[in-house]
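Can you keep this structure in mind? I'll have questions shortly.
A, B, ... follow the sequence lines: proteins, then strands. Residue 1 opens every chain.
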Amino acid sequence: MPELPEAEAARRLAHRTLVGTRIEAVRTADDRIVFCGVSPRAFAARLRGRRVISTRRRGKYIWFVLDKRPWPSMHFGMGGHFFVYQKPSDRPPYWKMELLTDRGDYFAMTNPRRLGRIRLQDDPEHEPPISLLGFDPLLDLPPVWTFCELLARRRAPIKAVLLDQSFAAGVGNWIADEVLYQARIDPRRLAVDLTPAEARRVRNVLRQVVRKAVAVDADKDRFPREWLFHHRWGRNSRAVTARGERIAHTVIGGRTTAWVPAVQK
DNA sequence: CTCAGTGTTCAGTG
DNA sequence: TCACTGAACACTGA
């Protein structure tokens with residue numbers, strides 16, 4: 001369930017659980033798709049005995065800083081979580097790797113649909129795919145004028161540009177729709193055609209939406225009532241916002257887009 | 001049984 | 001070469 005806020009919530013769980021501990025044991029599922037560029041066996045061997053110094057995130061990617069390289073980096077794809085538990089019998093379904101810390105906690109990553117990836121890299125931040133990411137709205141959102149210049153170079157619909165990870169890292173389908181709804185912009189508009197005032201709204205709303213979602217630890221029940229988020233699912237023609245506006249569903253940039261024609265001109 | 005889906009990648013097109 | 005689009009990927013759940 002990973003866009004930036006879910007990834008950040010997952011990173012924080014990993015941080016609380018792992019930082020300062022030594023990895024006593026590693027168990028890996030035999031999955032050559034999710035383990036990317038490294039065999040599950042080699043992955044386990046490289047992590048065992050290491051101490052976890054810190055955790056980091058950029059966009060939807062998370063990686064661990066260990067006392068010795070290489071370091072693991074993770075992406076959840078279309079679904080997956082981190083889990084912490086105290087008994088091996090509580091190991092969750094679809095687990096791909098499980099760490100046992102010297103504090104006695106088990107820490108696992110799950111990935112039911114297998115579109116996630118686990119890598120082992122000497123310097124994850126400076127190697128693909130993380131090195132290819134654009135700005136992270138939480139870590140290094142550009143100032144207004146730079147943001148405008150970036151948009152002016154793009155001829156695709158604004159919805160497609162927001163989804164492009166080499167533009168904004170961590171923005172996924174619902175965040176892109178939420179931002180355009182709150183900024184009152186038609187998702188089909190070409191990025192290059194936005195006025196400076198509109199581009200500024202997109203930039204500022206993006207920051208506000210991401211900050212709020214992260215502030216509530218990506219807990220959907222605590223997202224503000226007025227967000228489109230709560231009403232966008234289930235593409236039925238009678239869906240409406242909290243204020244009773246009709247929600248339309250259109251495919252843009254290859255993804256289902258929920259938007260409100262009455263508000264987004 | 002069919003199909004959409006909170007994502008990324010890559011082949012194909014202009 | 002660049003920018004962009006659409007299909008493929010793997011699997012669950014409605």
C1' gap between dC4(C) and dT6(B), integer Å: 23 Å
Through direct or indirect side-chain contacts below 4.5 angstrom among Ile, Leu, Val, Met, Phe, Trp and Tyr, which residues connect to Tyr85(A)? Phe83(A), Leu100(A), Tyr106(A)
Return no unless some side-chain N or O of Arg255(A) is found under 4.0 Å from OP1 or OP2 of dG7(B). yes
Relative to each other, are the rings of Phe82(A) and Phe64(A) parallel, tilted or perpendicular (30° and 60° limits)? tilted
Does the protein touch nucleotides 9-14 of chain B at the base, only the backbone, or not at all? Give it as B, S and - per nucleotide, heavy atoms under 4.0 Å. S-----
In whole angstrom, what separates Ile130(A)'s CD1 from dT8(B)'s P? 12 Å
Those residues that, when tested against Asp136(A), pass side chain to side chain donor-acceptor pair (under 3.5 Å) (two or more places apart): Arg57(A)
Can you list the residues that meet the side chain to side chain contact (heavy atoms under 4.5 Å, CB included) rule with Lys87(A), with sequence neighbours excluded? Ser89(A), Asp90(A)
Rounded distance (Å) that lies between atom C1' of dG7(B) and atom CH2 of Trp174(A): 15 Å
With a 4.0 Å limit, can you tell me whether Gln165(A) has a side-chain N or O closer than that to the phosphate oxygens OP1/OP2 of dT8(B)? yes
Tracing side-chain links under 4.5 Å among I, L, V, M, F, W and Y, which residues wind up in one group with Tyr181(A)? Leu228(A), Ile247(A), Val260(A), Val263(A)
Contacts of Arg48(A) that satisfy salt bridge (charged side-chain N to carboxylate O under 4.0 Å, His left out) - sequence neighbours left out: none
NZ of Lys159(A) versus P of dC4(C): gap in Å, rounded? 16 Å
Write down the distance separating the P atoms in dA11(B) and dA10(C), rounded off to the nearest Å. 15 Å
Hey, is the side chain of Lys60(A) poking within less than 4.0 Å of OP1 or OP2 on dT8(B), counting only N and O atoms? yes
Decide whether Glu245(A) and Thr241(A) meet the rule of one side-chain donor and one side-chain acceptor closer than 3.5 Å. yes
dG5(B) phosphate, OP1 or OP2, under 4.0 Å from Thr256(A) side-chain N/O: yes
Asp140(A) with Arg58(A): basic N within carboxylate O range, under 4.0 Å: yes
Regarding Gly254(A), tell me which of base, sugar-phosphate or nothing describes its non-hydrogen contacts under 4.0 Å with the strands shown. nothing
The side chain to side chain donor-acceptor pair (under 3.5 Å) partners of Arg201(A) (sequence neighbours excluded) come to none
Can you name the ring-ring contact (aromatic ring centres under 6.0 Å, His included) partners of Trp95(A), sequence neighbours left out? none
According to the Watson-Crick and G-U wobble definition with distances under 3.5 Å, which dot-bracket string, read 5' to 3', encodes DNA chain B, using [ ] for crossing pairs and | for pairs with another strand? .||||.||||||||
Just say parallel, tilted or perpendicular for the rings of Phe229(A) and Trp233(A), cut-offs at 30° and 60°. perpendicular
Summarise protein proximity over nucleotides 7-14 of chain C in one line of letters, 5' to 3': B for base, S for sugar-phosphate only, - for none, counting protein heavy atoms closer than 4.0 Å. --BBBB--
Do any of residues 147-154 of chain A sit with a heavy atom less than 4.0 Å from DNA chain C, and if so which? Arg154(A)
Identify, with sequence neighbours excluded, every residue that meets side chain to side chain donor-acceptor pair (under 3.5 Å) alongside Thr55(A). Arg11(A), His15(A)
What contact category does Pro5(A) fall into here, base, sugar-phosphate, or nothing, at under 4.0 angstrom with non-hydrogen atoms? nothing
Which word best sums up how the rings of Phe35(A) and Phe43(A) line up, parallel for under 30°, tilted for 30 to 60°, or perpendicular for over 60°? perpendicular
Are more than 12 heavy atoms, taken from residues, nucleotides or ligands other than Arg200(A), located less than 6.0 Å from that residue's CZ atom? no
Of the candidate nucleotides dT6(B), dC4(C), dT8(B), which contains the atom at the shortest distance from the side chain of His75(A)? dT8(B)
Atom-pair distance (CE on Met74(A); C1' on dT8(B)), nearest Å: 17 Å
